[in-house]
Amino acid sequence: MRVAPHAATSSNKASPIQAQLMRLHILDDPMPEFGDHEATDDPLQVLRHSTAHLLAAAVTELYPGAKYAIGPPIENPPGFYYDFDLGKPINEADLPAIESRMRRLAQADLPFVHETLPREQAIEEFRKRGQDYKLELIADKVEGNGVSVYRTGDFLDLCLGPHVKSTRDLKAFKLQRVSGAYWRGDEKKPQLTRIYGTAWQTQKELDDYLKFLEEAEKRDHKKLGKDLKLFLVDDRVGPGLPMWLPDGATIRREIERFIVDEEIARGYKHVRTPDVARLDLYRQSGHAKLYADYMYPPMKFEDGEELELRPVACPHHIVIYQSELRSYRDLPLRLAELAGYWRYERSGVLAGLNRVRHFTLNDAHVFCTPEQLIEEVKGAIELALYFSKVLGIDEFYYEVATRDDVKEKWLGTVEQWEEAQADLMEALESMGQTYKVGVGNAAFYGPKIDFQVYDAHRREFTNSTVQIDFQLPQRFDLEYVAEDGTRKRPVMVHRGAAGSMERLFSYLIERYAGAFPTWLHPTQVVVIPITDAHHEYATEVASRLRAARLRVEIDGRPEKMQKKIREAHSRKVPYMAIVGQREADAEQVNVRDRQNREVATPLETFVSMVAAEVAERRR
RNA sequence: GCCGCCGUAGCUCAAUUGGCAGAGCAGCUGUUUUGUAAACAGCAGGUUACGGGUUCGAUUCCUGUCGGCGGCUCCA
């Protein structure tokens with residue numbers, strides 16, 4: 001399932017979260033278990049895998065008749081889980097009892113014993129124990145006559161291992177939460193009870209990790225979005241329909257200006273298209289059939305017209321492409337838009353700004369000749385890398401998402417897909433980038449490269465994406481006039497170089513913990529007059545800064561300076577310009593930055609310093 | 001949608017086994033004019049998400065709905 005093991009990094013500068021996780025030795029390797037996981041010798045994964053067995057052993061003791069399904073270590077968030085069929089619901093209040101039983105088993109110093117049983121004997125052992133899920137796994141996943149199992153005391157698990165020597169080696173673990181999970185990831189199959197936990201080699205590492213989780217809680221974009229008044233979700237408007245408050249909207253406007261200017265500089269043409277279209281447009285594109293689950297019911301009118309809120313903007317851009325006869329000389333034609341998308345996401349998946357029902361994508365569709373395709377894909381990747389670098393997306397990896405095995409889920413021919421997949425991989429390889437492969441994660445019209453980023457809690461999200469599409473050009477009968485005068489079919493590249501504004505914003509809030517770089521911060525400078533007597537000079541300072549197009553506030557409230565400093569600090573304002581009599585007399589400001597450095601600075605020096613920092617988008 | 005948890009003032013949180021819903025911050029009104037992370041006093045603020053039920057009495061117990069959080073499935 002995986003081609004290359006290493007995550008790509010766009011910058012050698014580690015973010016605070018990244019540094020934290022490196023310190024915590026959070027690793028990047030696949031994991032062992034029967035099922036969809038692979039074996040690894042990485043000691044930390046082995047430890048977590050063994051802790052999962054310990055959990056299952058404890059649960060089978062405490063819940064007679066419990067059936068255990070699968071229980072692998074996981075990378076992000078770091079730990080393990082085990083899925084059970086307990087026959088009755090449990091909740092997090094039940095975890096301490098399970099955890100103490102685990103500790104008792106750990107202290108009992110039980111060895112992890114590896115055995116290879118003849119198939120019939122393995123089946124008999126698990127049948128005797130009533131372990132139906134294991135029997136199903138043996139039937140489906142285990143080939144040959146030898147069945148690898150591990151024994152820990154009375155507990156027996158189907159498992160390739162490896163494991164630690166003894167339960168005694170499991171010293172630092174904690175059960176965290178319970179949730180539901182479908183057997184073999186299929187929502188038509190029974191739902192099992194999943195218990196999540198984390199495990200480390202030492203208590204110190206466990207404590208550090210729990211501390212990290214507390215810190216992650218503080219950076220959570222939903223919390224900071226409220227504290228810093230960046231955005232709002234209100235159920236009178238509707239779930240998954242965020243509203244951008246003035247400060248959030250200011251940051252978004254800066255990002256959008258940056259994006260649009262850069263794209264125009266790179267040869268994109270920006271357009272504007274409506275958020276609705278006739279349903280027939282999506283019948284033609286295939287979305288009405290293959291993307292129906294995410295589409296709102298159409299608006300139907302008396303005369304039979306059906307309008308649809310768009311889940312994607314490609315058909316609109318295609319219509320623009322077709323508005324004139326295109327020549328090979330026009331290609332590549334790169335049409336870009338900050339395009340509003342509407343998707344009916346199921347209620348249970350909505351999450352802050354990360355999963356919403358209306359979002360704006362930094363969208364573009366490149367129409368090009370087959371010969372231009374690789375260069376266009378590379379250009380899109382380079383643009384995404386540039387945006388990532390400037391915005392501070394330091395850590396991500398590429399996933400090449402390939403076709404699903406199920407024919408009903410995609411359009412076109414196997415040959416077209418193989419070619420498109422090979423093109424994406426070639427583009428990455430020619431740029432010296434490594435990637436993972438995600439089988440079955442492609443769009444229905446073609447494979448894609450997703451840029452996978454992590455939030456503060458180490459959950460993974462797709463931000464940027466680059467997709468190759470041979471299907472929509474065919475379905476819409478796109479063509480261009482070639483050099484020889486014949487009509488030929490262009491290829492499309494769909495790409496969201498900076499992802500959606502919503503998801504990008506949630507990422508940036510957590511990445512900077514709200515302390516945005518000066519160019520993005522809604523208030524770049526707060527001018528703080530010490531007494532009313534200094535208001536006049538404060539106004540002068542502010543207007544000098546505003547003349548340099550900086551966003552400035554004067555905190556002229558009749559409050560103590562200390563209080564104003566404290567508040568500006570908690571809003572993470574990059575600069576405070578504190579002005580009293582001394583500053584007014586000397587045409588200076590006393591500058592205090594987010595590191596609490598204080599320095600008396602001539603006013604003009606301060607203005608040009610901040611203006612330069614903003615112009616360079618320094619971070 | 002499914003599993004588990006949660007919903008008290010704008011925000012953060014209290015409220016003995018069911019017995020008159022409270023504090024800090026924010027807001028408003030005064031007083032204070034201040035030199036580097038919270039001045040002082042007063043006022044106002046609630047159908048305890050919403051609807052049923054049990055009870056003499058429900059923030060508390062039961063139930064339905066809505067919403068949030070963490071997962072699953074899915075995804076920008």
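Per chain, numbering begins at 1; letters A, B, ... match sequence-line order.
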Within the structure shown, what part of the strands sits under 4.0 Å from [X] by heavy-atom distance: base, sugar-phosphate, or nothing?
X: A:R346; answer: base
X: A:G185; answer: sugar-phosphate
X: A:D235; answer: sugar-phosphate
X: A:N590; answer: base
X: A:E502; answer: nothing
X: A:K222; answer: sugar-phosphate
X: A:R459; answer: sugar-phosphate
X: A:E460; answer: nothing
X: A:R194; answer: sugar-phosphate
X: A:L350; answer: sugar-phosphate
X: A:V233; answer: nothing
X: A:L504; answer: nothing
X: A:K448; answer: sugar-phosphate
X: A:D186; answer: nothing

Taking only the side-chain nitrogens and oxygens of [X], find out if one of them lies under 4.0 Å from OP1 or OP2 of [N].
X: A:K218; N: B:rU12; value: no
X: A:R592; N: B:rA37; value: yes
X: A:K563; N: B:rA26; value: yes
X: A:Y81; N: B:rC72; value: no
X: A:K560; N: B:rG35; value: no
X: A:S347; N: B:rG1; value: yes

Give the rounded distance in Å between these two atoms: [atom1] of [X] and [atom2] of [N].
X: A:E217; N: B:rC69; atom1: CD; atom2: C1'; answer: 9 Å
X: A:I565; N: B:rA38; atom1: CD1; atom2: C1'; answer: 12 Å
X: A:R566; N: B:rC25; atom1: CZ; atom2: P; answer: 11 Å
X: A:L241; N: B:rG67; atom1: CG; atom2: P; answer: 11 Å
X: A:R355; N: B:rG1; atom1: CZ; atom2: C1'; answer: 13 Å
X: A:H534; N: B:rG35; atom1: NE2; atom2: P; answer: 10 Å
X: A:K223; N: B:rC13; atom1: NZ; atom2: P; answer: 8 Å
X: A:L175; N: B:rG71; atom1: CG; atom2: C1'; answer: 15 Å

Where each residue is assigned the nucleotide of RNA chain B containing its nearest heavy atom, which of A:R582 and A:V356 is assigned the position nearer the 5′ end?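 Result: A:R582.
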Using heavy-atom distances to pick each residue's nearest nucleotide on RNA chain B, tell me which of A:H569 and A:S464 is more 5'.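 Whichever sits nearer the 5' end wins; that is A:H569.
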Cationic tip of [X] within the cone over [Y]'s six-membered ring, i.e. under 6.0 Å and within 45° of the normal?
X: A:K436; Y: A:Y397; result: yes
X: A:R194; Y: A:F84; result: no
X: A:R511; Y: A:Y507; result: no

Give the nucleotide from the list [options] with an atom nearest to the side chain of [X].
X: A:R343; options: B:rG71, B:rC75, B:rG35; result: B:rC75
X: A:E583; options: B:rG35, B:rG1, B:rG70; result: B:rG35
X: A:S179; options: B:rA76, B:rG71, B:rG4; result: B:rG71
X: A:N91; options: B:rC5, B:rG70, B:rU12; result: B:rC5
X: A:I530; options: B:rG1, B:rG35, B:rC72; result: B:rG35

Evaluate salt bridge (Lys or Arg N to Asp or Glu O under 4.0 Å) for A:R219 paired with A:E214, printing each intermediate quantity in order. CA-CA 9 Å; A:R219 318 175 77 99; A:E214 277 176 39; over 6 Å; no
Quiz question: going by heavy-atom distance under 3.5 Å, is there a donor-acceptor pair between the base of [N] and the side chain of [X]?
X: A:Y182; N: B:rG71; answer: no
X: A:R503; N: B:rC75; answer: yes
X: A:Q176; N: B:rG71; answer: no

Hey, does A:Y268 have a side-chain heavy atom less than 4.5 Å from the side chain of A:E262?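 No, side chains not in contact.
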Taking the side chain as everything from C-beta on, heavy atoms only, tell me whether A:W417 gets closer than 4.5 Å to A:P447.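 Sidechains of A:P447 and A:W417: in contact.
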Between A:F359 and B:rA76, do the rings stack, that is, sit under 5.5 Å apart with planes less than 30° off each other?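 Ring-base stacking flag set for A:F359 and B:rA76.
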May I ask you to decide if the ring planes of A:H494 and A:Y445 are parallel, tilted or perpendicular, using 30° and 60° as cut-offs?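 Ring orientation of A:H494 relative to A:Y445: parallel.
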Taking only the [atom1] atom of each, what is the distance from [N] to [M] in whole angstrom?
N: B:rG64; M: B:rG4; atom1: P; value: 12 Å
N: B:rC72; M: B:rG53; atom1: P; value: 40 Å
N: B:rG51; M: B:rA37; atom1: P; value: 48 Å

